[in-house]
Amino acid sequence: MQSIAIIGSGICGLTIANGLKDTKAEVTVFDKGRRPGGRAASRTIEGCVFDHGAPAIPNKVAKHFVTDTRLSSEQWLLDKSSTHCPIGGVANFGRDIADGLKVQQSATILGCQRNGEDFFLSLSEGRSVSSIDTLILTAPPLQSAALVQEIEPTLGEELRETCRMSPAWVVLFKIADQFSTENYAFAPSEIITNVRHEHTKPGRKSSSLGSWFVAECSSEWSVENLERSPEWVSMAVLEGLRADLGENFPVASSFAHRWRYASTQDPIGSNYLHNDNRSLWITGDWCLGNGIQSAHTSGLSVVNELLTDMGHGSFS
Ligand SMILES: Cc1cc2nc3c(=O)[nH]c(=O)nc-3n(C[C@H](O)[C@H](O)[C@H](O)COP(=O)(O)OP(=O)(O)OC[C@H]3O[C@@H](n4cnc5c(N)ncnc54)[C@H](O)[C@@H]3O)c2cc1C
């Protein structure tokens, strides 16, 4: 039986694993994070759900999974406009796709080696996985480049030279219940590109929890302050908001999260890279551009190539 390993349980990796689930191949996804979904991530703090990566799932991607997996539309398709927001957080989208697939979380891949024709993965805590026929990397480009450097140095070099990603700090904050957030108009500034009203998302509002937000920092400011502490970033962002909204702007709590690879600056401009004998594939949103749609499209195109190699029809 063909053994396929996918590094990364973001939307791209899950799209690939889901697309291959009806083949005879044994497909395993490895991800260093605690939950599937990658940058389509959520965090719950004091009962408040924050989507601190992508804020929602594009319609087209959501519909693909409703027809092709066990996801039920009632469960999470509440917003019928251009995007969908799963109840309980965007991360539940990844969780529901991963359900029924073979996905190992908290599994950091430290290195990829060759053993004859096969691949061999070294994981944290001295673990390893051998006899992999096909290896698919969906991590951000610099991370993938480091992992393939030993086995496919040319691909590693190409990744390093052609693709750039920008970081983003995000600050999750909550304000006290007694203040009406409708009066707060958050204007973009040099520091903050947008502030998302998380409490207004489907199924979230609870009168006892107040209002909660995600402030996304500009890539320029995030680059400049990349190595600052989360506490420092939180304070700087809230000071920026206070300068606009007044000293009495009532923040109850805040938390900063750093995304080292948040968005694509320079995509490679093709759906994926692969080695000569098509046993190693490198893909992710950054191949085509930015966002979940790009991650999904890149992933689907790898699925189609692999299905063709296996002698199956294509998958749209
Ligand atoms: C703040 C922010 C705002 C965003 N806003 C939007 C938006 O409005 N609209 C939109 O469409 N998109 C948005 N995005 C982008 C969107 O989240 C991404 O485009 C998409 O989720 C990328 O999916 P992916 O599978 O390609 O990569 P990822 O989600 O990054 O998945 C890669 C996975 O690889 C794993 N990994 C990396 N290295 C290793 C290793 N060595 N071992 C094991 N696992 C590893 C990571 O843990 C990760 O889970 C935003 C992202 C951020 C951070």
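Counting starts at 1 for both ligands and their atoms, in listed order. Only heavy atoms go into these numbers, but all of them, side chains included; no hydrogens, no water, no symmetry mates.
Among the atoms of I109, some N or O lies under 3.5 angstrom from an N or O of ligand 1. Checked by distance only, ligand 1 and D31 come closer than 3.5 Å through their nitrogen or oxygen atoms. Remark: ligand 1 and K32 share an N or O pair separated by less than 3.5 Å (distance only, no angle test). In terms of N/O distances under 3.5 Å, ligand 1 is not approached by I7. Between I11 and ligand 1, at least one N/O pair is under 3.5 Å apart. Between V170 and ligand 1, no pair of N/O atoms sits closer than 3.5 Å. Residue R196 has no N or O atom closer than 3.5 Å to an N or O atom of ligand 1.
Here the closest non-hydrogen pair linking Q105 and G33 is NE2-O, 2.9 Å. The shortest heavy-atom contact between C112 and L147 is CB-O, 3.5 Å. The nearest pair of heavy atoms linking G299 to T283 is N-OG1, 4.3 Å. Nearest approach of G53 to R196, heavy atoms of both residues: O-NH2, 2.9 Å. Nearest heavy atom pair, residue M310 against residue I4, reads CE-CD1, 3.6 Å.
A side-chain donor-acceptor contact under 3.5 Å links Q104 and R127. Side-chain contact annotation: N271 with S298, donor-acceptor N/O pair under 3.5 Å absent.
Ligand-side atoms of ligand 1 in range of A139: 34 (O), 37 (C), 38 (N), range being under 4.0 angstrom from any heavy atom. When each atom of ligand 1 is checked for a heavy atom of E216 under 4.0 Å away, the hits are 1 (C), 3 (C). If you number the atoms of ligand 1 from 1 as listed, the ones under 4.0 Å from a heavy atom of T138 come out as 32 (C). Close contacts between ligand 1 and P55 involve ligand atoms 5 (N), 6 (C), 7 (C), 8 (O) [criterion: under 4.0 Å to a heavy atom]. Close approach of ligand 1 to G8 (heavy-atom distance below 4.0 Å) involves ligand atoms 33 (C), 34 (O), 35 (C). Contact atoms of ligand 1 toward A262: 51 (C), 53 (C) (distance under 4.0 Å to a heavy atom of the residue). Residue G284 approaches ligand 1 through these ligand atoms, each under 4.0 Å from one of its heavy atoms: 26 (O). Counting the atoms of ligand 1 from 1 in the order shown, those under 4.0 Å from a heavy atom of G10 are 25 (O), 29 (O), 31 (O).
Considering only non-hydrogen atoms, atom 19 (O) of ligand 1 lies nearest to D285 out of L110, L142, D285, N194. When P167, P36, A54, A40 are ranked by how near their heavy atoms come to atom 50 (C) of ligand 1, first place goes to A54.
Within the structure, the closest approach of A107 to ligand 1 falls below 4.0 Å when heavy atoms are considered. Ligand 1 is approached by G53 to a heavy-atom distance shorter than 4.0 Å.
Note that CD1 of I11 and CG of D285 are 10.5 Å apart. Values are rounded to the nearest 0.5 Å.
For E117, the CD atom sits in a loose shell: 12 or fewer heavy atoms of surrounding residues, nucleotides or ligands are nearer than 6.0 Å. Counting heavy atoms of neighbouring residues, nucleotides and ligands inside a 6.0 Å radius, atom CG of D276 does not exceed 12 of them.
If you check which protein heavy atom lies closest to atom 11 (O) of ligand 1, you get I292 N, 2.9 Å. Closest protein heavy atom to atom 12 (N) of ligand 1: G291 CA, 3.3 Å. In this structure, the protein non-hydrogen atom closest to atom 30 (O) of ligand 1 is R39 NE, 2.8 Å. Given atom 23 (O) of ligand 1, the protein heavy atom at minimum distance is A295 CB, 3.5 Å.
Residue-level proximity to ligand 1 for C12 is carried by backbone and side chain together, each with a heavy atom below 4.0 angstrom.
Under the 30°/60° scheme for interplanar angles, the aromatic rings of W281 and H274 are found to be tilted. Relative ring orientation between H199 and W212 is described as tilted, the plane-to-plane angle lying within the 30° to 60° band.
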Open item on the list: The test is ring-ring contact (aromatic ring centres under 6.0 Å, His included); show your working for F93 and F65 and say whether it passes.
Closed with: CA-CA 9 Å; F93 187 67; F65 286 103; 5.5 Å; yes
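One finds a salt bridge joining E152 and R114 here, because a Lys/Arg side-chain nitrogen approaches an Asp/Glu carboxylate oxygen to under 4.0 Å.
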